[in-house]
Number of protein chains: 2
Amino acid sequence: MRKILLDENEMPKYWYNILPDLPEPLPPPLHPVTKEPVKPEDLEPIFPKALIKQEMSNERWIKIPEEVRDVYALWRPTPLIRAVRLEKALKTPARIYFKYEGASPPGSHKPNTAVAQAYYNAKEGIERLTTETGAGQWGSALCFATKLFDLKCTVYMVKVSYYQKPYRRVLMETWGGEVIPSPSDRTEVGRKILEKDPDNPGSLGIAISEAIEDAVKHENTNYSLGSVLNHVLLHQTIIGLEAKKQLESIGEKPDVIVGCVGGGSNFAGLCYPFIKDAQKDGIKIIAVEPKACPTLTEGAYKYDYGDTAGLTPLLKMFTLGHDFIPPPIHAGGLRYHGDAPTLCLLVKHGIIEPRAVRQIPTFEAGVMFARTEGIVPAPETNHAIRVVIDEAIKAREEGEEKVILFNFSGHGLLDLKAYDDFLYGRLQDT
Amino acid sequence: MRKILLDENEMPKYWYNILPDLPEPLPPPLHPVTKEPVKPEDLEPIFPKALIKQEMSNERWIKIPEEVRDVYALWRPTPLIRAVRLEKALKTPARIYFKYEGASPPGSHKPNTAVAQAYYNAKEGIERLTTETGAGQWGSALCFATKLFDLKCTVYMVKVSYYQKPYRRVLMETWGGEVIPSPSDRTEVGRKILEKDPDNPGSLGIAISEAIEDAVKHENTNYSLGSVLNHVLLHQTIIGLEAKKQLESIGEKPDVIVGCVGGGSNFAGLCYPFIKDAQKDGIKIIAVEPKACPTLTEGAYKYDYGDTAGLTPLLKMFTLGHDFIPPPIHAGGLRYHGDAPTLCLLVKHGIIEPRAVRQIPTFEAGVMFARTEGIVPAPETNHAIRVVIDEAIKAREEGEEKVILFNFSGHGLLDLKAYDDFLYGRLQDT
């Protein structure tokens, strides 16, 4: 059987919260000014109470609301697919399975949390969400989700992407979102920057500041984040919970689990439900990041800000410094200077193994995948596929029948410019 | 249940051939020079024997080779999805189901035949296929399919699309295809045109001529067509055969079946398996075409050429004349001057009802679908959705619990420019 499907009624009814199962308590986020642990009420100007509660919860299982499951059912449960043709091409005895999160309408895992966030905000009477987006993966997921709960959505999109990558902008607008090239004259922050430098191309850091300012200054408006935070990772665990059921249904157990890491949400979503038994079961869990932004492999484990301007709480994480600016690699989703605090803690304890890969080998892997399994992966996903192929070759060399599981976090149909650059030799091997 | 899934082992093992079940024998294609019925050997310079046999077969059921089913399993069986949120938004008592063909790697129904054609050509020792493509839907499906059977693929892409719509060109190249802007200096036809007019923007007619000339003049090279012919429609019937099984599994029977029509292949794929009992069961079957290219609603039923230059066999069909040039609507796949001969015969007998719709109402329907069901449809698919919505509103007005089934022929992630034009009022209502 190539595709392992689940019926709608087999969709998990609870998300898994890893906090009570961490090897040591998670160091708390600190207030950027007082440096004291952040209190729930500090977050209320931008997040709904339900999400703040989830962010700090120690409950292992958190019920997925019926209204959220009903939207998930538009594309979930996602299939678990065995990459038989890739295995053959690699002549490997390994069995390779991937969880296909590209099946969602926006084409990635991002709506798993966008839908939950839209739901809780709508329930608490919020009328509009703001967020930032770089290339547009997260912004399009949030526009999709807010439309289904009758919320408005304002997306501050890095200006250079707004003009150079119009397709995801149009996608957001098709779902009814308002997309603003950032820096903009909508906010204090934006106006100040434009005054000094009218041609400023924008950055994710600036866009975050604009989105937060917009949310803080307007009634019934909240801010929404697409990764890093505990509640975001929590919502993504539906990926791993489904995958676990699917593997069990065919009597398989993973030996190796692989995912790419930007802020950590797709990776955590797949692997967290396996973590508790990972050491007992001897599962190797590999977090793949770009060599160009080697947070987990070369960063320092310390408190740092989440944004460039230093306005967010301080988080204990592996970080390259909040002023780190990575080279412009195509995997825009993997260019974050830090990583989710829970993930960093697990790396520190050696439960998760980080690995950094260069850009060109990731596209070689992606093209091989497209030419065997048919699906064109997103540049971020290519990072996971690179390591999957490396592990499958290793299994061949060592003659071992490994079971490799990875998260296919998104398809690359809106990233074809990157493939063009690769195919015509214009890609830098950063 | 929102999604009705089938397991891989429930995938149909036979395609359905409508020829023996037509209300009268199909008028034969005529040789363009002698005007005599075409003989199998006339087609051998460009098609493999197995496909010529299928083209003329009177067998009702034709076995799907294991190798083809194995590739189909990459994305088939496709889900049948109930559009619950669209129903709610329309306040209709109708139950709306769609067969989601956008789930294939190239994003449309086209690979159902591309895979079969690549397989039969490979089996008869052919090493390369040629074809033409406009916007790139068909070309990308054939590049995907040929790569999986180790065939080379040369796609003559209308030059203006090659430069204006680079994304599908990159997709074809990612799958290993060779994409040539047409007119080109690769062929006699192309060179003659370029000599007279070096800036000729190209047309589908020219690209067809180049692809056929390339196939005829080279060893072990065949030509491949993406619609109109009997064997192409035959391969698409897997859509309707699956849908029938899926509806039966939940005890539903369609009252109305809707699809969009360019050459007729996605439409026939869905509805042909229902045709035999359609009149007995009182099923209304609606073929939707653009008002800008009203072949079935305003064309004449007569023998005409399949291409602009008059090199192909003459086919008995509804036609606007082989020199008809429709306005440049975004649904590039629906701009053909004729239609599949079997489909035309069924329209002539009143078994299929044709309906023409204007461009703007189709995009209104597509955006409504995207904002309720999440998936952004291709401009071609929007034609079907327009009529589905009209029929659902009619059911509401008449208080009837109709079951409406339609073919979601492809997603619109590579057609976002069209949505941009619509959202910003730049779309013509042709």
Side-chain angles (χ1 to χ4, degrees), chain A residues 1-9 70-77 79 81 83-85 100 103-107 111 115 140 143-145 147-148 166-171 173-176 363 366-367 370-376 411-424, chain B residues 1-9 70-77 79 81-85 103-107 111 115 140 143-145 147-148 166-171 173-176 363 366-367 370-376 411-424:
Chain A
M1 193 76 89
R2 167 177 276 280
K3 288 194 296 302
I4 299 100
L5 306 174
L6 293 177
D7 273 330
E8 241 161 86
N9 51 30
D70 186 62
V71 176
Y72 279 174
L74 285 170
W75 76 97
R76 303 208 72 87
I81 305 178
V84 178
R85 285 173 183 267
Y100 185 48
S104 78
V115 169
S140 54
C143 289
F144 159 76
K147 174 51 74 182
L148 298 179
Y167 267 30
R168 280 223 177 80
R169 189 256 304 157
V170 180
L171 188 56
E173 292 176 338
T174 299
W175 280 318
F363 274 87
V367 168
R371 291 182 180 181
T372 50
E373 293 295 316
I375 309 171
V376 179
H411 67 63
L413 290 183
L414 295 175
D415 302 285
L416 288 169
K417 171 74 172 62
Y419 282 87
D420 201 25
D421 287 347
F422 169 70
L423 293 169
Y424 285 90
Chain B
M1 192 76 90
R2 168 178 276 282
K3 290 194 295 302
I4 299 100
L5 306 173
L6 293 177
D7 273 332
E8 241 162 86
N9 52 31
D70 186 62
V71 176
Y72 279 174
L74 286 171
W75 75 97
R76 302 209 73 88
I81 305 178
R82 182 161 168 204
V84 178
R85 286 173 181 267
S104 78
V115 169
S140 54
C143 289
F144 159 76
K147 174 50 74 180
L148 299 178
Y167 267 31
R168 280 225 176 79
R169 189 255 305 156
V170 180
L171 188 57
E173 291 175 339
T174 300
W175 279 318
F363 275 87
V367 168
R371 291 181 180 181
T372 50
E373 293 296 317
I375 308 170
V376 179
H411 67 63
L413 290 182
L414 295 176
D415 301 286
L416 288 169
K417 172 75 173 60
Y419 282 87
D420 201 25
D421 288 347
F422 169 70
L423 293 170
Y424 286 89

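Predicted model, so just to flag it, every value in this text is computed and none were measured. In what follows, every heavy atom counts, from backbone to side chain, and hydrogens, waters and symmetry copies are set aside. All chains are named by letter (A, B, ...) in the order of the sequence lines, taking the proteins before the strands, and each is independently numbered beginning at 1.
Looking at every heavy atom in both residues, Thr174(A) comes nearest to Val367(B) through O-CG1, 4.0 Å. Taking both residues in full, the closest heavy atoms of Gly374(A) and Pro105(B) are given as O-CB, 3.4 Å, listed atom of the first, atom of the second, then distance. Heavy-atom minimum distance, Leu171(B) versus Val376(A): CD1-CG2, 3.6 Å.
Here Gly176(B) is the residue among Gly176(B), Ala145(B), Ser104(B) with the most heavy-atom pairs under 4.5 Å with chain A. Per-residue counts of heavy-atom pairs under 4.5 Å with chain B were compared for Tyr100(A), Phe422(A), Tyr419(A); the largest is that of Tyr419(A). Between chain A and the options Glu373(B), Arg2(B), His411(B), Arg168(B), heavy-atom pairs under 4.5 Å are most frequent for Arg2(B). Taking Ile4(B), Asn9(B), Val71(B), Asp7(B) one by one and counting their heavy-atom pairs under 4.5 Å with chain A, the maximum is reached by Val71(B).
In this structure, the portion of Arg76(B) lying under 4.5 Å from any heavy atom of chain A is its backbone and not its side chain. Interface residue Leu414(B): backbone and side-chain heavy atoms are both found under 4.5 Å from chain A.
Considering only heavy atoms from C-beta on, Leu413(A) stays 4.5 Å or farther from Tyr167(B) through its side chain. Arg85(A) is listed as a side-chain neighbour of Leu148(B), based on a closest heavy-atom distance under 4.5 Å.
No hydrogens or angles considered: a donor-acceptor pair under 3.5 Å links the side chains of Glu173(A) and Tyr424(B).
One finds the CZ atom of Arg169(B) at 10.0 Å from the CG atom of Leu416(A) (value rounded to the nearest 0.5 Å). Atom-to-atom distance recorded for Leu74(A):CG and Ile81(B):CD1 is 8.0 Å, nearest 0.5 angstrom.
A donor-acceptor contact shorter than 3.5 Å links the side chain of Glu8(A) to the backbone of Lys3(B).
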side-chain contact (heavy atoms from CB on, under 4.5 Å) between Lys417(B) and Val170(A), worked out: CA-CA 8 Å; Lys417(B) 172 75 173 60; Val170(A) 180; over 6 Å; no
